[in-house]
Amino acid sequence: MLEALGWGAFAASSLVIGALVGLARRWPAKLVGLVLGFGAGALISAVTFELAEEGVAIGGGSSVALGLGAGALTYYFCDGLIERPGESDAGGALALGAFLDGIPEQLVLGLGIAVGNGVSVGLLAAIFVSNLPEAIGSSTAMRDAGRSDHEVVSLWLAVAAICALASLLGYLIADSTGGHLQGAINGFAAGALVVMLVDSMIPEATKQAGRTTGLVTTLGFAVAAGLSTLS
């Protein structure tokens with residue numbers, strides 16, 4: 001149990017580290033865009049290999065499809081609730097995406113430890129590599145939108161704490177969780193991520209970094225895909 005909590009806290013710590021890096025100074029907009037683009041590529045890899053593919057293998061295509069729909073709709077409606085009238089809240093949207101995909105991802109991390117598979121190095125690396133750009137981009141955007149550093153750090157500390165506890169929850173419910181539910185959990189995270197990427201992260205990256213975004217997104221995908229082969 002402590003192992004699941006420890007690895008969960010380690011994975012979630014990247015959210016706080018990313019937020020602190022984002023607030024450390026005023027980073028050039030192009031650099032923030034490139035970081036977001038790299039993170040988007042890493043997340044596309046996570047959706048493909050760590051979530052969708054693994055989910056289908058564990059619970060079947062139907063379970064993943066149901067989870068995909070639930071995750072996509074949940075992100076869509078929650079993002080609509082936090083968006084300010086007349087403006088796009090990119091920082092809040094990225095934070096919401098990190099929250100909605102972070103919980104299922106870390107549930108999966110805890111489940112793997114509980115059933116004796118140990119820590120998935122690929123999943124852990126994918127979580128860490130993708131969390132950093134999300135948090136850096138989000139904290140930068142939220143500060144630019146007028147939020148105080150204290151508000152931003154408090155938000156990311158809360159998100160990180162909940163995500164870390166999700167690993168513990170995954171460990172505790174492993175015995176009563178079947179393959180279909182695990183597949184749906186993977187699908188939920190994938191669905192939330194896909195909508196967040198298309199609606200918020202990639203447009204924001206392209207807006208700030210221009211056409212170069214596509215190249216660094218491909219690099220992020222390649223790095224994360226390589227890490228996903230680790231066991």
Side-chain angles (χ1 to χ4, degrees), residues 4 7-8 11-12 14 38-79 96-131 133-134 162-163 166-202 217-231:
W7 283 114
S14 56
F38 183 90
L43 287 171
I44 293 170
S45 174
V47 168
T48 305
F49 301 112
E50 300 296 338
L51 296 174
E53 185 179 53
E54 286 293 323
V56 170
I58 295 169
S62 297
S63 298
V64 173
L66 288 172
L68 276 166
L73 289 170
T74 298
Y75 179 87
Y76 177 81
F77 287 114
C78 289
D79 186 42
L96 176 63
F99 179 74
L100 290 180
D101 78 79
I103 291 177
E105 281 178 343
Q106 299 214 176
L107 276 171
V108 172
L109 193 66
L111 286 167
I113 295 172
V115 300
N117 294 334
V119 179
S120 170
V121 178
L123 178 59
L124 186 65
I127 292 173
F128 212 94
V129 168
S130 60
N131 277 352
E134 276 186 292
I162 295 171
C163 287
S167 293
L168 178 60
L169 178 62
Y171 182 91
L172 294 174
I173 66 173
D175 290 338
S176 58
T177 303
H180 292 300
L181 180 56
Q182 292 182 39
I185 289 172
N186 279 36
F188 184 95
L193 275 175
V194 169
V195 180
M196 185 275 291
L197 284 165
V198 175
D199 285 359
S200 302
M201 194 168 186
I202 292 176
T217 299
T218 304
L219 176 62
F221 181 93
V223 170
L227 290 172
S228 72
T229 64
L230 300 176
S231 60

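Note that the structure is predicted; figures quoted are calculated from it, not measured.
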Undergrad: For the pair F38 and V223, evaluate side chain to side chain contact (heavy atoms under 4.5 Å, CB included) and give the outcome as yes or no after the intermediate values.
TA: CA-CA 9 Å; F38 183 90; V223 170; 4.1 Å; yes

Undergrad: Only counting residues at least two apart or in another chain, list the ones meeting side chain to side chain contact (heavy atoms under 4.5 Å, CB included) with A184.
TA: none

Undergrad: Would you check, one step at a time, whether the test side chain to side chain contact (heavy atoms under 4.5 Å, CB included) holds for I173 with L181?
TA: CA-CA 11 Å; I173 66 173; L181 180 56; 5.5 Å; no

Undergrad: What pairs meet the side chain to side chain donor-acceptor pair (under 3.5 Å) rule with one or both residues in residues 55-75, with sequence neighbours excluded?
TA: S63-H180, Y75-S200

Undergrad: I'd like to know if the side chain of Q106 and the backbone of G8 have a donor-acceptor N/O pair within less than 3.5 Å.
TA: yes

Undergrad: For a quick test of reading the model, state the closest non-hydrogen atom pair linking A72 to V195 and the distance between them.
TA: CB-CG2, 3.5 Å

Undergrad: For C163 versus A12, what's the shortest heavy-atom pair and its separation?
TA: CB-CB, 4.2 Å

Undergrad: Just to verify, what does L172 make a side chain to side chain contact (heavy atoms under 4.5 Å, CB included) with, not counting sequence neighbours?
TA: M1, L168

Undergrad: Under the side chain to side chain contact (heavy atoms under 4.5 Å, CB included) rule, what do M196 and L100 come out as? Steps first, then yes or no, please.
TA: CA-CA 10 Å; M196 185 275 291; L100 290 180; over 6 Å; no

Undergrad: Side chains of I202 and T217: closer than 4.5 Å at any heavy-atom pair?
TA: no

Undergrad: How long is the straight-line distance from OG1 of T218 back to CD1 of I44, given to the nearest 0.5 Å?
TA: 8.5 Å

Undergrad: So, using side chain to side chain contact (heavy atoms under 4.5 Å, CB included) as the criterion, who are the partners of A52 when residues are at least two apart?
TA: none

Undergrad: Can you name the nearest heavy-atom pair linking V56 to V64, along with the distance?
TA: N-CG2, 3.4 Å

Undergrad: Can you see which heavy atom on L109 is nearest to which on A11, and at what distance?
TA: CD2-CB, 4.4 Å

Undergrad: Taking the side chain as every heavy atom from C-beta outward, state whether L51 and L193 have any atom pair closer than 4.5 Å.
TA: yes

Undergrad: For A190 and V47, work out which heavy atoms get closest and say how close.
TA: CB-CG1, 4.0 Å

Undergrad: Holding to side chain to side chain contact (heavy atoms under 4.5 Å, CB included), I want the full list of residues that pass it with S14, two or more places apart in sequence or in another chain.
TA: F128, N131, L132

Undergrad: Taking side chain to side chain donor-acceptor pair (under 3.5 Å) as the cut-off, I'd like each qualifying pair that reaches into residues 39-49, sequence neighbours left out, listed once.
TA: none

